[in-house]
J.: 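Got a structure for you, written out below as structure tokens; questions coming shortly.
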Amino acid sequence: MHLERLIDLLEIVAVAGRPVSAGEVQKVAGLPKPTCYRLIQSLADQLLLDQPGDDGKFVIGERLIRIALLGKSDVDVRRCAAPLLKAAATNFNETVFLARFRDSNVEIIHVETPDDPARAFIHPGLGVRPMHACSCSKAIAAFAEPDFQDVILSGSLKQYTEHTKITQSELRAEFATILERGFADCDQEIDMGIASVAAPISIGNIGAIFSVGAVGPIRRFGTDYRAEIGQKLTELSKKISGAIQLCNVAEV
């Protein structure tokens, strides 16, 4: 009964779609005021409800959003992000992809390609990418906790090409650069002739657990071009973050 009441209160706040007061929740729930207020406080103590302002009103908490998000399938995430990715692929006229951090790895989970039939493009494939040599992985790693970065740097770092960075000093310096400018790039570090750029996607207080990137031939993806697209990707990442969170809250 206690758990059922807690779930009922969470559903009331989620369905409201806006910050609601304890009094509003109590009226809908039909519980005695002391009981309802005590349950709401318990939910807030566990970060399942948050108070975004100083007006005493509540919204669904970051912890509950995190639980729902981490349990969200790739299919659900792609459904939220695909329209924005497709629009970007059309606007950039380049391949755009979405990557996800999971089980200490970064995987590309969705790819959108240009519609222009005369445009040569590169498909990056799906699946796990090296943490030290791919823009989508480095965009996430650079914003990770120092302890996790240490795990990456202390492992065996494969040198895929002559451009792959495999020393701790090189990678720490690159992580610092990524933090400063807001995006990562990969200049032929996995395959010769192929370059990419990616920006982290931060979800509330959860951090960067997704990244969005673009990939193409090095003849187009020079330093200046990567910087230009990198800036556009940082803006796109905010839109994708919002789309994922809106889908997430709607399904809580």
J.: Which distance, rounded to the nearest 0.5 Å, do you find between the CZ of F221 and the CG of D185?
T.: 10.5 Å
J.: Given F121, which of T113, D116, N93 fulfils the side chain to side chain contact (heavy atoms under 4.5 Å, CB included) condition?
T.: T113
J.: Can you list the residues that meet the ring pair (Phe, Tyr, Trp, His ring centres under 6.0 Å) rule with F143, with sequence neighbours excluded?
T.: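 None.
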J.: The criterion is side-chain hydrogen bond (donor to acceptor under 3.5 Å, both in side chains); which residues satisfy it with S21, sequence neighbours excluded?
T.: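 So S21 forms a side-chain hydrogen bond (donor to acceptor under 3.5 Å, both in side chains) with E24.
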J.: Atom CG of L10 and atom CZ of F58: how far apart are they, to the nearest 0.5 Å?
T.: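 With rounding to 0.5 Å, CG (L10) is 11.5 Å from CZ (F58).
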J.: Looking at residues at least two apart in the chain, or sitting in another chain, which of them share a ring pair (Phe, Tyr, Trp, His ring centres under 6.0 Å) with F101?
T.: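 With neighbours one apart ignored, the set is F148.
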J.: Do S241 side-chain atoms and S202 backbone N/O form a donor-acceptor pair below 3.5 Å?
T.: yes
J.: If you compare all heavy atoms of P200 against all heavy atoms of A139, which two are closest, and at what distance to 0.1 Å?
T.: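 Looks like CB-O, 3.5 Å.
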J.: Using a 4.5 Å cut-off between side-chain heavy atoms of Ile, Leu, Val, Met, Phe, Trp and Tyr, which other residues end up in the same hydrophobic cluster as I122?
T.: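 Members other than I122 - counting any ILVMFWY side chain reachable under 4.5 Å - are F97, I108, V111, L126, I194, V215.
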J.: Please write out which residues are connected to M192 in a hydrophobic cluster, directly or through intermediates, given that two of Ile, Leu, Val, Met, Phe, Trp, Tyr count as joined at side-chain heavy-atom separations below 4.5 angstrom.
T.: none
J.: Just jot down the side-chain hydrogen bond (donor to acceptor under 3.5 Å, both in side chains) partners of Q149, sequence neighbours excluded, or say none.
T.: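 Expected list: none.
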J.: Thinking salt bridges, do E228 and K232 make one under a 4.0 Å N-O criterion?
T.: yes
